[in-house]
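To start, the structure under review is shown below, and the notes come after it.
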Amino acid sequence: MQLHTRTWGEGDRIALLIHGIMADHRTWRRVGPALAERGYRAIAVDLRGHGASGRGEYSPEAFADDVVETLPAGAELAIGHSLGGLTLSKAVDRLKPKRAVFSDPAWHLAELGEGFGPEMFAQFKSAPKEQIQAMNPRWEEADVDVELATLAVWDEATALSLTPLMGTDLLPAAPVVPSLVQLADPSFLISPERAEVLKERGFEVRSVTGAGHTIHRDDFDGFMASLEGWL
């Protein structure tokens, strides 16, 4: 599937941006321009079931195949957040960026018990503005509005498709390219024990102190600072 994309900047230095579940390219509204200011042409996708991209069968493999179909190989940098991190890890051997950043990647979806699975997650589609603000007190008003807009066009079946992955270890065996794992503090996806495993497997791991899961919206300055040496 050819995905909808949004580009900031121009030139030959390319950065790829892959969003998490429920979001679309608009989640990168500050990151894209910041990369453009640093000389990148930043290309952000809408994964299938999100934003202006098409709908279809959903799986991490399908998300990865779409990204490979849509984005250029050999970029200088690729960043994937949450589900986008999982997607990037399944596409990185084909995309072959020079560097990869996995921002709080969805490499372990905990079994939360009956009534707290993907079905409950899918119900977030109808969350009111007040709930989004309460859950994300550090977000700018513009990010809350973006969240409402992206939820309105999100296919919640993408969340239901993750059910088979609950409780599964999805940590990559090794980095395909030089790779940074950027974690929230604390991360509900990557425990300290799993972070140590990733370090042993050759990933660099950094945490952004006090940041929530969507690091680039919760603490934009911290997000950018933690990429020092990777941009």
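A quick note: this is a predicted structure, and the numbers were derived from the prediction, not measured.
- Within the model, atoms OG of Ser82 and CG of Leu109 stand 8.0 Å from one another, a figure rounded to the nearest 0.5 Å.
- A side-chain donor-acceptor contact under 3.5 Å links Asp104 and Ser187.
- Between Arg48 and the choices Asp66, Asp24, Asp155, the salt bridge (charged side-chain N to carboxylate O under 4.0 Å, His left out) rule is met once, by Asp66.
- A donor-acceptor distance shorter than 3.5 angstrom exists from the side chain of Ser53 to the backbone of His4, with no hydrogens or angles considered.
- Atoms CG and CG, on Leu165 and Leu83 in that order, are 9.5 Å from each other to the nearest 0.5 Å.
- Atom NE2 of His108 sits about 8.5 Å away from atom CE of Met166, to the nearest 0.5 Å.
- Hydrophobic cluster membership is shared by Ile190 and Leu86, with clusters built from Ile, Leu, Val, Met, Phe, Trp and Tyr side chains linked at under 4.5 angstrom.
- Note that CZ of Phe63 is 12.0 Å distant from NZ of Lys90, once rounded to the nearest 0.5 Å.
- In Asp12, the CG atom is not crowded: 12 or fewer heavy atoms of neighbouring residues, nucleotides or ligands sit closer than 6.0 Å.
- Thr70 and Met1 make their closest contact through OG1-O, 3.4 Å (heavy atoms, listed as atom of the first residue, atom of the second, distance).
- Put simply, CD1 on Ile21 and CD on Glu156 are 10.5 Å apart, with the number rounded to the nearest 0.5 Å.
- Although no hydrogens or angles enter the test, the distance criterion places a donor-acceptor pair under 3.5 Å between the side chain of Arg201 and the main chain of Pro172.
- Lys96 places no side-chain N or O within 3.5 Å of a backbone atom of Gly74 that could act as its donor or acceptor partner.
- Contacts classified as salt bridge (Lys or Arg N to Asp or Glu O under 4.0 Å) and involving residues 209-231 (residues at least two apart or in different chains) are given here: Arg138-Asp218, Arg138-Asp219, Glu147-Arg217.
- The aromatic ring centres of His50 and His25 sit 6.0 Å or more apart.
- Here the options are Val67, Leu16, Ile18, the test is side chain to side chain contact (heavy atoms under 4.5 Å, CB included), and the partner is Leu88; only Ile18 passes.
- Gln2 CD: more than 12 foreign heavy atoms inside a 6.0 Å radius.
- Summarising the geometry of Leu47 relative to His19, their closest heavy-atom pair is N-NE2, 2.9 Å, with the distance given to 0.1 Å.
- For Asp65 and Arg94, the salt-bridge test passes: some basic side-chain N is under 4.0 Å from an acidic carboxylate O.
- With rounding to the nearest 0.5 angstrom, the NE2 atom of His213 is 4.5 Å from the CZ atom of Phe188.
- Of all heavy-atom pairs between Ser226 and Leu180, the closest is O-CD2, 3.8 Å.
- Hydrophobic cluster membership is shared by Tyr40 and Val101, with clusters built from Ile, Leu, Val, Met, Phe, Trp and Tyr side chains linked at under 4.5 angstrom.
- Among all heavy-atom pairs drawn from Gly32 and Ala42, the shortest one is O-CB, 4.0 Å.
- Note on Leu162 and Leu151: same hydrophobic cluster, where clusters join Ile, Leu, Val, Met, Phe, Trp and Tyr whose side-chain heavy atoms are under 4.5 Å apart, directly or indirectly.
- Between Pro105 and Leu183, the shortest heavy-atom distance links the atoms CD-CD2, 4.4 Å.
- Lys199 places no side-chain N or O within donor-acceptor distance of the main-chain N or O of Glu204, the cut-off being under 3.5 Å.
- Note on ring orientation: taking the six-membered ring where Trp is involved, the planes of Trp28 and Phe223 are tilted (angle from 30° to 60°).
- A pairwise comparison of heavy atoms in Ser89 and Trp107 identifies OG-NE1, 3.4 Å as the closest pair.
- Between the side chain of Arg41 and the backbone N or O of Gly11, at least one donor-acceptor pair lies under 3.5 Å.
- Under the salt bridge (Lys or Arg N to Asp or Glu O under 4.0 Å) criterion, Arg29 pairs with Glu140, Asp143, sequence neighbours left out.
- When the side chains of ILVMFWY residues are joined at heavy-atom separations under 4.5 Å, either directly or via intervening members, Val197 and Phe102 end up in a single hydrophobic cluster.
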message: Pair Lys129, Glu141 - check salt bridge (charged side-chain N to carboxylate O under 4.0 Å, His left out), show working.
response: CA-CA 10 Å; Lys129 184 172 185 175; Glu141 183 81 9; 2.7 Å; yes
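- Under the 4.5 Å side-chain heavy-atom criterion for Ile, Leu, Val, Met, Phe, Trp and Tyr, Leu17 and Leu77 are members of the same hydrophobic cluster.
- Panel note: side chain Ser179, backbone Val177; a donor-acceptor pair is recorded below 3.5 Å.
- Other residues, nucleotides and ligands contribute only 12 or fewer heavy atoms inside 6.0 Å of the NZ atom of Lys98.
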